Amino acid sequence: MIKSELVARIAEAYPHLMHKDAERIVSTVFDEIARALANGDRVELRGFGAFSVKARPARTGRNPRTGESVAVDEKRVPYFKTGKELREKLNGGDAGED
Amino acid sequence: MAKTLTRSDLSEAVYQEVGLSRNESAALVERVLDEVTGALLRDEQVKLSSFGTFLVRAKGGRVGRNPKTGQEVPIAPRKVLLFRPSHVLKDQINASIKSGAEPA
């Protein structure tokens with residue numbers, strides 16, 4: 001499923017909604033998550049999962065082809081942890097402990 | 001100070017952005033998450049351009065070990081959800097390092 005298909009499904013489920021609004025709703029949800037992460041905030045959606053940002057310290061990397069060392073700057077990476085309920089659903093609804 | 005956003009923050013953003021009631025905005029946020037969940041349960045990838053991709057990966061069973069007791073425990077085959085952030089999202093998050101926002 002890609003974003004336009006997600007938008008189409010939302011528009012279908014809410015016939016009184018204009019297609020343009022369905023699009024804005026989907027974009028707003030993900031833009032807002034992205035904005036929060038860029039701020040260094042966490043986003044916790046119970047039952048679905050939580051988005052957070054993890055810091056990766058600067059390190060000396062190596063070009064695997066030439067073996068040459070390269071300085072890699074400190075950076076931050078987005079991280080998603082699947083929610084318990086979703087993880088259980090993926091595994092048939094009754095699996096796993098947290 | 002890092003905050004934690006929840007569904008209500010997302011509903012509020014949708015409410016501000018689109019002229020719907022607060023109730024309907026909340027229902028729509030839920031619906032978006034439900035549609036993503038539904039696709040993943042059908043083993044579909046969910047690709048959201050400029051945000052990232054959610055995909056389900058099947059993991060084989062293996063013998064694990066309780067790190068505290070050293071006891072062997074069988075781990076059954078299972079499915080795990082992976083989120084692969086897009087470059088746009090990664091860049092957006094790293095652009096703010098220079099502007100001084102604290103990591104979570």
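In this text the structure is predicted, and so the values were computed from the model without any measurement. Below, chain A is the first sequence line, B the second, and so on; all start at residue 1.
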Other residues, nucleotides, ligands: >12 heavy atoms within 6.0 Å of Arg57(B) CZ: no

Does atom CD (Glu12(A)) have a neighbourhood of more than 12 heavy atoms from anything else shown, all under 6.0 Å? no

Heavy-atom pairs under 4.5 Å with chain A are the metric here; pick the option from [options] that has the most.
options: Lys90(B), Gln16(B), Arg78(B), Arg84(B); answer: Arg78(B)
options: Asp43(B), Leu40(B), Val46(B), Asp34(B); answer: Val46(B)
options: Asp9(B), Val14(B), Val80(B); answer: Val14(B)

Once you round to the nearest 0.5 Å, how far does [atom1] of [X] lie from [atom2] of [Y]?
X: Arg31(B); Y: Arg9(A); atom1: CZ; atom2: CZ; result: 8.0 Å
X: Asn94(B); Y: Asp73(A); atom1: CG; atom2: CG; result: 9.5 Å
X: Lys79(B); Y: Thr82(A); atom1: NZ; atom2: OG1; result: 13.5 Å
X: Leu37(A); Y: Ile93(B); atom1: CG; atom2: CD1; result: 4.5 Å

Sort [X] into side chain, backbone, both or neither according to what part of it lies under 4.5 angstrom from a heavy atom of chain A.
X: Leu89(B); answer: side chain
X: Ala76(B); answer: neither
X: Val88(B); answer: neither
X: Val56(B); answer: side chain

Between [X] and [Y], is there shared hydrophobic-cluster membership here, with clusters defined by ILVMFWY side-chain heavy atoms closer than 4.5 Å?
X: Tyr79(A); Y: Leu5(B); answer: no
X: Leu33(B); Y: Leu55(B); answer: no
X: Phe51(B); Y: Ile2(A); answer: no
X: Val32(B); Y: Tyr15(B); answer: no
X: Phe54(B); Y: Val77(A); answer: no

With a 4.5 Å limit on heavy-atom distance, are the side chains of [X] and [Y] in contact?
X: Leu81(B); Y: Phe80(A); result: yes
X: Lys89(A); Y: Leu41(B); result: yes
X: Phe30(A); Y: Val36(B); result: yes
X: Arg46(A); Y: Arg7(B); result: yes

Under 4.5 Å heavy-atom distance to chain B, tell me which part of [X] shows up: side chain, backbone, both or neither.
X: Leu90(A); value: both
X: Leu45(A); value: both
X: Ile10(A); value: side chain

Name the member of Val29(A), Leu17(A), Ile25(A) that forms the most heavy-atom pairs with chain B at distances under 4.5 Å. Ile25(A)

Out of Glu44(A), Met1(A), Lys3(A), Lys20(A), return the one with the most heavy atom pairs under 4.5 angstrom to chain B. Met1(A)

Can you name the closest pair of heavy atoms from Ala2(B) and Gly40(A) and give their distance? CB-O, 3.5 Å

Looking at His16(A) and Glu24(B), what are the two nearest heavy atoms and their distance? NE2-OE2, 2.8 Å

Taking Glu17(B)'s backbone N and O only, do any of them form a donor-acceptor pair with Arg24(A)'s side chain (distance below 3.5 Å, no angle check)? yes

Residue that, paired with Asp21(A), satisfies side chain to side chain contact (heavy atoms under 4.5 Å, CB included) out of Val18(B), Leu20(B), Leu28(B): Val18(B)

